[in-house]
Structures are given as C-alpha cells and as structure tokens.
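Here's the structure, in structure tokens; my notes come after.
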Amino acid sequence: MDFDDPLWFRDAIFYELHVKSFYDSNADGVGDFPGLIQKLDYLKNLGIDCIWLLPFYESPLKDDGYDISDYYSILSVYGTVDDFKKLLDEAHSRKIKVIADLVLNHVSDQHPWFQEARKDKNSKKRNWFVWSDDQSRYKDARIIFIDTERSNWTFDPVAGQYFWHRFYSHQPDLNYDNPEVREEIKKVMRYWLDMGLDGFRCDAVPYLFEREGTNCENLPETHAYFKELRKMIDREYPGRILLAEANQWPTDAKAYFGNEDEFHMAFNFPLMPRIFVALAKQDAFPIINIMQQVTPIPENCDWGIFLRNHDELTLEMVTDDERDIMYNEYAKLPKMRLNLGIRRRLSPLIEGDRYTFELLHALLFSLPGSPIMYYGDEIGMGDNIYLGDRNGVRTPMQWSYDRNAGFSAADPEQLYSPVIINPNYHYEFINVEGESRMPNSLLNWVRKMILVRRKYSAILGRGKIRYFYSGEKSVLAYVRNYGNENVFCIFNLARVPKAVMFDLHEFKDYTPVEAITDSDFPPIGELPYFFTLNSRSFFWLYLRPPGDNTGK
Ligand code: GLC
C-alpha cells in the first residue's frame with residue numbers, strides 16, 4: 001500500500017482490534033493504548049496496513065463501548081488522549097493507518113445529553129432524541145437485538161414518554177432531524193480527525209432517520225447526511241476514509257457508495273455468510289451469485305471483505321434456507337447462536353480444520369475488496385460460548401504461554417475476561433510467540449499469504465474479476481486482471497479431491513506460476529488445462545506472458 005495515495009484503502013489489509021483485548025501494559029487486567037503501542041511491531045510484521053479500533057470512548061460498557069457517554073474522551077482504563085495521539089504517531093511512523101469506530105446512531109442513556117433531555121421537556125437536549133407518547137409510530141421497523149428487546153420504544157419514567165432505540169434499550173437513538181445533532185457529529189469527527197485519525201468505521205449507518213410507513217432503514221435522508229459528511233472529508237481531510245457498517249441486501253448495501261460521493265468503503269455483508277454457505281454446500285454458486293449482485297461498484301470505492309468480526313456472524317440478510325444451512329452446519333448448540341446469528345470465532349466455526357482455514361484466507365485475500373481481519377484469527381484463536389452476549393469472541397489476545405496468555409501481568413481473576421483454556425484452543429498452545437517459532441504455524445502461513453498478496457497487490461487489490469467454469473460445481477475459479485496482468489485463482493470447496501479442466505486457451509503460451517512458491521506449471525496450450533485439487537485446496541497462479549523474463 002502506498003501510504004500517501006488518497007486511494008490507499010483499495011490496496012490495504014485491515015486489522016480489527018479492541019484496545020481492551022490486545023495488550024495490558026499496566027497490569028490492571030484491561031488492555032490499553034500504551035499496550036497496543038508496544039504491539040505495533042507485531043502488526044507491522046504481520047503485514048497489515050490499517051488498524052480499525054473498536055470504540056474506546058467514555059462509556060458504561062453495557063454494549064462494550066457502543067454505548068458512548070462522552071464522544072470527546074477516552075475511557076480512562078484504556079489510557080489518555082495523549083496516549084491515543086502517541087498511538088497515531090507510532091502507527092504512522094510504521095506506515096500503518098488507524099481508523100476508529102464512529103457510533104453515530106445512538107448514545108448511552110448515561111450520556112449527559114440524554115440525562116438532560118429526559119429530565120425536562122423544555123430542555124435544549126429534549127429534541128436530540130426521538131420521543132413519543134405511545135408505541136404506535138414506526139411499526140414497520142424491525143427489532144435487531146431480538147433476543148433481548150421486545151420493542152424499539154422504551155418508556156422512560158423520568159421523561160414520561162417513550163424514546164426510540166434500534167439497539168439495546170439503554171441506547172437511545174439520536175434525532176437526525178435535528179440540525180444540531182447533525183452538526184455535533186461533524187464536530188466529533190473533526191475532533192478525532194484533527195489528531196490525525198485516518199477515518200471512521202461508521203456504526204449502524206442505515207438507521208439514522210425514521211419515517212412513517214417505511215422500515216426506517218436506508219432512507220434518502222440518511223444517504224443525504226452521509227453525503228454531507230463525505231463532502232466535509234473531501235474538503236477538509238482528503239485521504240481519510242469512511243467505511244460503512246450497513247448490513248443489508250446487495251442493492252441497499254451498494255447504495256452506500258453513492259456516486260463516489262458517499263462512503264469510500266462498505267463491509268461486504270452480502271458476501272460473508274455466502275462464503276460459509278458455499279463451503280457447507282460444497283458449491284461455488286452462492287459466492288459467484290452474490291458477487292455478481294454486489295458488483296460493479298464505483299471505481300474509487302471498495303468493499304471491505306471479512307470472515308469474522310466482533311459481533312455474531314450475522315444471518316439477518318440471508319434467505320430462510322441459507323440460515324438453516326448455516327445453523328445446521330456451524331451452530332449445532334443453542335449457545336452458539338445469538339439473535340439471528342452465530343457467536344463463534346473463525347477457527348471453532350470450521351472445527352479447527354487447517355485446510356478450510358487456508359482456503360478461506362485464500363478467498364479473503366483474492367476476492368475483490370480489501371481484506372479485514374479480526375484480531376486473534378490469524379493464530380486460530382478459540383472462543384468461549386459460555387460467556388454472555390458476544391463476549392465469547394472478545395477474549396484476551398494470546399501472546400505467549402505465560403500467565404494470562406502473556407496478555408497481562410494482573411491476577412487471572414482480575415482480567416476483564418477469562419482467557420481461552422479449552423484444551424483444543426488452549427493459550428499454551430495457540431499463541432503468537434509459539435507460532436512465530438514454528439515455520440508451518442497458522443500465523444506464519446498468514447504472514448506469508450499477506451506477503452504474496454502484497455506482491456500482486458495491484459491485481460488482487462484493484463483488478464477486475466472474471467469467473468471460469470469447469471462443470472464441477474464445487475470448484476470456484478476466477479481470473480483477477482489488472483492491465484496486462486492476470487492471476488488465476490482456483491478453489492476446491494469440496495471435502496473430496498477433484499480433477500477439473502478449464503478452457504484457458506485465451507492465455508495460450510502463458511506460464512502459470514504458483515504464487516506462493518514461485519514454481520512454474522506447464523505452459524497453457526490450445527487444449528483444456530487440467531488441474532487436480534485436493535479437498536479444500538486452492539491455487540493462485542500468476543499467468544506469466546510468453547517472453548516475459550521479469551522473474552515474477
Ligand atoms: C453495531 C456493532 C455492534 C453494536 C451495535 C450497536 O452493529 O457492530 O457491536 O452492538 O452496532 O451499537
């Protein structure tokens with residue numbers, strides 16, 4: 001990635017982490033900014049380009065910081081604003097960008113704005129929230145946290161009215177019809193951008209406005225507001241980015257790119273569950289089908305592709321059939337489910353299968369879009385489904401086989417969360433130090449794949465995609481193309497080996513070069529090209545043109 005290119009995000013590999021979970025520098029059981037700074041070299045060495053920080057603002061932590069009680073300060077256990085500035089400097093000096101969560105749909109009910117609003121009908125803050133005397137309005141809006149909430153309205157006895165909330169009932173929605181709210185959020189953004197932050201992952205973007213007779217998602221008013229924010233970025237902070245968390249069907253998700261005048265990036269929510277469906281069905285169709293629905297997008301925008309994140313693996317925007325397949329395959333125990341989703345980490349989801357792990361990362365790093373990894377998945381960390389809410393996928397990072405997985409020198413009881421000690425995923429055996437020493441560990445394999453992706457970053461980052469068909473439904477194949485350069489990617493999603501042939505004669509006399517080891521395959525001729533693929537295996541093949549001796 002070119003650090004100074006305004007389109008840096010198109011070539012970047014992102015890494016999502018919670019400062020709380022990464023490294024505890026002062027032995028209080030909670031990770032902090034000075035701790036994260038100490039681990040920047042690890043991230044550099046892993047090869048990532050941009051850190052996405054989960055919310056670190058002042059908060060009562062009833063939704064792990066997505067319930068903000070002061071946008072302008074840092075929760076003191078995580079450090080100070082000066083520590084944060086130091087993080088930005090230290091990251092930037094290593095050519096790593098940093099983006100942070102911007103939770104703009106709602107605040108904590110402990111936020112002084114809400115406290116003022118509820119206490120007095122005539123207070124200046126009353127109209128910063130959405131109130132009603134009964135629960136009859138906006139009936140068509142779905143409930144998102146269906147396991148805990150019964151309504152999007154909650155009665156506040158102090159206010160004597162109901163307030164509107166799309167998430168937990170302790171997270172009142174801000175009233176975006178109020179221009180003061182719209183201006184305040186710009187102020188919040190400027191505050192952090194002025195320190196040098198490289199952009200925001202905007203939380204829960206579809207829900208800003210409410211309108212009667214709609215489902216209150218993706219409204220034109222919401223798009224118009226984000227276009228305003230984008231204008232502000234373009235004018236005042238060129239090169240910084242906005243990344244949309246819009247868990248929607250393809251057309252609605254795509255709409256957040258606007259006409260290159262809204263979000264720079266959006267998470268590819270449509271693709272994520274379909275990768276897992278494709279694996280379960282051993283069929284490439286769900287991936288190709290959804291990719292055809294989410295493309296094309298404007299040239300200077302990009303999807304963020306991900307396999308897992310800090311939330312449950314969401315199954316809200318899939319068909320009933322797809323959801324059944326997912327639950328049957330990946331969430332056999334009720335405790336593995338939450339709302340409409342699956343609260344498990346990557347490795348346990350795929351039952352620790354190394355081949356599937358590699359296959360999934362080969363997809364993540366070669367499908368169009370910028371890969372977004374979730375901390376700990378690169379070492380194959382496990383989860384703890386007995387912790388409540390989504391806490392089971394937010395346990396401390398496993399650095400070594402020392403006390404508390406090397407995460408903290410606190411007493412074990414003092415940790416914000418227990419470390420993973422299930423024998424299959426025990427930190428004594430799944431940790432950064434140990435895996436760094438083993439040449440064939442998951443961690444070293446991921447590092448190597450990131451290096452290979454870097455080598456072909458233009459093709460895999462910005463290139464076009466074209467699918468190839470062999471007649472074997474479990475084999476996915478595509479060419480990524482950028483200018484005259486091509487990488488042919490082929491994946492066997494089946495649990496058995498497959499032999500397939502592809503008509504590649506348009507690349508006659510090109511030499512496929514296996515991208516990880518740089519080893520040459522026989523040149524392509526007129527006849528179909530033959531591959532044998534082991535179960536859950538893949539190839540990335542750089543297609544070296546005839547007469548090219550550049551050594552790629
Ligand atoms: C987003 C976050 C999730 C949070 C919710 C409410 O979906 O990813 O963690 O609970 O917003 O803020």
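In each ligand, atom 1 is the first atom listed, and ligand 1 is the first ligand listed.
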Among all protein heavy atoms in this structure, tell me which lies nearest to [atom], with the distance rounded to 0.1 Å.
atom: atom 10 (O) of ligand 1; value: Asp63 OD2, 2.7 Å
atom: atom 1 (C) of ligand 1; value: Asp203 OD1, 2.7 Å
atom: atom 7 (O) of ligand 1; value: Glu245 OE2, 2.9 Å
atom: atom 12 (O) of ligand 1; value: His106 NE2, 2.8 Å
atom: atom 9 (O) of ligand 1; value: Asp311 OD1, 2.6 Å

Geometric cation-pi criterion Arg344 and Tyr330, 6.0 Å radius, 45° cone =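 Arg344 over Tyr330 ring: no.
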
_Could you check whether Arg345 makes a cation-pi contact with Tyr375, meaning its NZ or CZ is under 6.0 Å from the centre of the six-membered ring and within 45° of the ring axis?_
yes

Sorted by chain and residue number, the salt bridge (Lys or Arg N to Asp or Glu O under 4.0 Å) partners of Arg343 (sequence neighbours excluded) come out as none

Item to check | Contacts of Glu116 that satisfy salt bridge (Lys or Arg N to Asp or Glu O under 4.0 Å) - sequence neighbours left out | outcome: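 Partners of Glu116 under the salt bridge (Lys or Arg N to Asp or Glu O under 4.0 Å) test: none.
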
Heavy-atom nearest pair, Phe14 first then Ser370, reads CE1-CB, 4.0 Å

For this session: For salt bridge (Lys or Arg N to Asp or Glu O under 4.0 Å), just list the numbers for Arg230 and Glu262, CA-CA rounded to whole Å, side-chain angles, deciding distance to a tenth of an Å, and then say yes or no.
Result: CA-CA 6 Å; Arg230 171 64 182 263; Glu262 211 171 321; over 6 Å; no

Does some non-hydrogen atom of [X] fall short of 4.0 Å from ligand 1?
X: Tyr168; value: no
X: Glu312; value: no
X: Arg390; value: yes

Notebook entry, point to check: Applying a 4.0 Å heavy-atom criterion (strictly less than), which segment of Phe145 is in contact with ligand 1: side chain, backbone, both, or neither?
Noted result: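 The part of Phe145 near ligand 1 is the side chain, not the backbone.
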
Counting heavy atoms only, which part of His165 comes closer than 4.0 Å to ligand 1: side chain, backbone, both or neither?
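Neither; nothing of His165 gets under 4.0 Å from ligand 1.
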
Assess whether a salt bridge exists between Arg166 and Asp173, defined as any Lys/Arg side-chain N lying under 4.0 Å from an Asp/Glu carboxylate O.
no

